[in-house]
Amino acid sequence: MAIQSKLPHVGTSIFAKMSALAAQHQAVNLSQGFPDFPCDPKLLALVTEAMQNGQNQYAPFIGLLPLREQISQKVAASYQVNYSPETEITITSGGTEALFCAISALVRMGDEIIIFEPAYDSYAPVIALCGGVVKRIALKYPHYKVDWDEVKRLISPRTKAIILNTPHNPCGTVWSRNDMLALSALVQQNNLTVISDEVYEHLIFDNVRHESVLRYPELRERSFVVFSFGKTFHATGWKVGYCLAPKALSGEFRKVHQFVTFSTSTPFQVAIAKYLENPAHYEILPDFYQQKRDYFLKSLHQTPFQFKPSAGTYFQLAYYGHLSDEPDVAFAERLTRDYGVAVIPVSAFYSDGTDEKVIRFCFAKREETLDLAAQRLELLAKLLV
Ligand SMILES: Cc1ncc(COP(=O)(O)O)c(C=O)c1O
């Protein structure tokens, strides 16, 4: 029996495809975004301890109180704001679930939601599942800057919300204070809700401050703000994240969350709550990843790719249009197959497949992995010269 698809245009994701191709050709996998180094053994020990202590049953559906309390202290220390563990912080099964719940709680049939492309691949399908209409602003290589007049023109009486992502996957850009002020003015004038995807909050370089929505009271009061411990603690497979939102918004968010998953894995929550008692674990992240970025850029300099250093996230984009006319999917496949380095074509992040001949590398890898990728990319350089 077949059913009529609610997502007829959604197929196997490019991430799964490129990872499979990488495995098939024993390529260095710089495609999908996950670290290939372990998380802190202390954190692993805390999870084991929680399991052995019998903390293996359902957590409260909004998350364990000690974890919500630690998050409250963390955001107070990082952004000087108070979020109530009781009413404004909800633990989710990763950032993806938080995004799903926020969009589902908000969007009704015919509502228009503005997103910026290239975009994380979950936003548009979830909006579509809710009967919403995706309105896209295309950001362009190499700066991927938002033209706020264009955003203003796109807003209609049906516009319900704007979804943003800073630091940005895949572009590696970060929004400035001026971006946040422009956003703030528009959402106030048009009474819009904001969904702010800040899963890479700590992966930001060159001493630039993360311009979180949390820093802006007029934005905060109308925002769902989404975070992920997978990114922060090198454990993407654990799928633990959270959403901050004012009480009324959190109330609606929680109604959806309880029927999506009810609650998130208990021992991971116990462990992360204890681990968060030491802020040093996340305060070192900008330096840690900046070193990885710089290490990777040194090898990219030996290649003919053109690039602008990533300002945040663990992704680096590179332009190859002066080397080849191939579409980016074909180029990424060839790089994987013939040169043994798997990457993601950036057209995958545009709903209309915009192809600016840009590919994405993930540098959340051990130095040995980055070295091996560098050797192979240097070979490409020699062949192309
Ligand atoms: C921009 C962005 N948002 C959200 C997520 C989802 O985070 P999680 O793995 O915690 O579900 C990701 C993961 O890749 C991401 O890149």
Side-chain angles (χ1 to χ4, degrees), residues 13-19 29-36 39 43 63 67 71 89-104 113 115-127 136 139 144 146 161-175 194-204 210-213 223-244 253 256-257 260-261 264-265 268-269 272 282 285 289 310-317 343-344 346 348-351 360-365:
S13 88
I14 188 76
F15 309 103
K17 273 190 208 152
M18 293 312 296
S19 282
N29 192 355
L30 304 191
S31 62
Q32 211 171 348
F34 59 84
D36 75 342
C39 52
L43 184 54
L67 180 54
I71 291 169
I89 301 174
T90 310
I91 310 302
T92 59
S93 299
T96 310
E97 196 236 329
L99 290 163
F100 183 93
C101 296
I103 295 169
S104 304
I113 311 297
I115 69 171
F116 301 91
E117 287 191 340
Y120 181 59
D121 60 353
S122 84
Y123 309 153
V126 181
I127 294 166
R136 301 178 166 92
L139 306 180
Y144 297 103
V146 177
I162 297 184
I163 303 184
L164 68 108
N165 170 218
T166 182
H168 189 274
N169 171 19
C171 300
T173 47
V174 298
W175 278 20
V194 172
I195 298 177
S196 186
D197 179 346
E198 303 188 13
V199 299
Y200 297 102
E201 66 174 327
H202 296 300
L203 280 63
I204 183 159
H210 171 48
E211 291 300 329
S212 172
V213 153
S223 294
F224 296 95
V225 193
V226 170
F227 300 90
S228 167
F229 288 118
K231 312 293 179 191
T232 301
F233 293 139
H234 318 310
T236 58
W238 290 7
K239 299 296 289 187
V240 185
Y242 55 100
C243 177
L244 306 182
F253 179 96
V256 179
H257 163 72
V260 171
T261 174
T264 294
S265 178
F268 294 117
Q269 294 193 55
I272 293 170
Y282 55 85
L285 278 177
Y289 272 113
S310 172
T313 74
Y314 43 47
F315 301 113
Q316 175 64 52
L317 296 189
V343 297
I344 297 288
V346 170
F349 297 86
Y350 289 96
S351 50
R360 187 195 79 175
F361 295 95
C362 171
F363 56 78
K365 305 294 170 189

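Every heavy atom of this structure was used, including side-chain atoms; hydrogens, water molecules and symmetry mates were not. All ligand and atom numbering here is 1-based and tracks the order in the structure. In this text the structure is predicted, and so the values were computed from the model without any measurement.
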For this session: Measure up the H257 and F253 rings against each other and bin them: parallel (under 30°), tilted (30 to 60°), perpendicular (over 60°).
Result: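 Ring orientation, 0 to 90° scale: parallel.
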
Run the side-chain donor-acceptor check on residues 229-239: report pairs under 3.5 Å with partners two or more places apart or on a different chain.
| residue | atom | partner | partner atom | Å |
| --- | --- | --- | --- | --- |
| K231 | NZ | Y200 | OH | 3.3 |
| T232 | OG1 | S228 | O | 3.2 |
| H234 | ND1 | Y289 | OH | 3.2 |

For this session: Give the C-alpha distance, both sets of side-chain angles, the deciding distance and a yes or no for side chain to side chain contact (heavy atoms under 4.5 Å, CB included) between I127 and I163.
Result: CA-CA 11 Å; I127 294 166; I163 303 184; 4.0 Å; yes

For this session: Just grab all the salt bridge (charged side-chain N to carboxylate O under 4.0 Å, His left out) pairs involving residues 115-124, residues at least two apart or on different chains.
Result: E117-R136

Exercise. Do Y242 and T264 have side-chain N/O donor and acceptor atoms under 3.5 Å apart?
Worked result: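 No, no side-chain donor-acceptor pair sits under 3.5 Å.
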
Problem set entry | Residue list, ring pair (Phe, Tyr, Trp, His ring centres under 6.0 Å) with F349, at least two apart or on another chain |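 For F349, the residues satisfying ring pair (Phe, Tyr, Trp, His ring centres under 6.0 Å) (neighbours in sequence not counted) are F15.
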
Exercise. Applying a heavy-atom distance cut-off of 4.0 Å, which protein residues contact ligand 1?
Worked result: G94, G95, T96, L99, Y120, N165, N169, D197, V199, Y200, S228, K231, K239

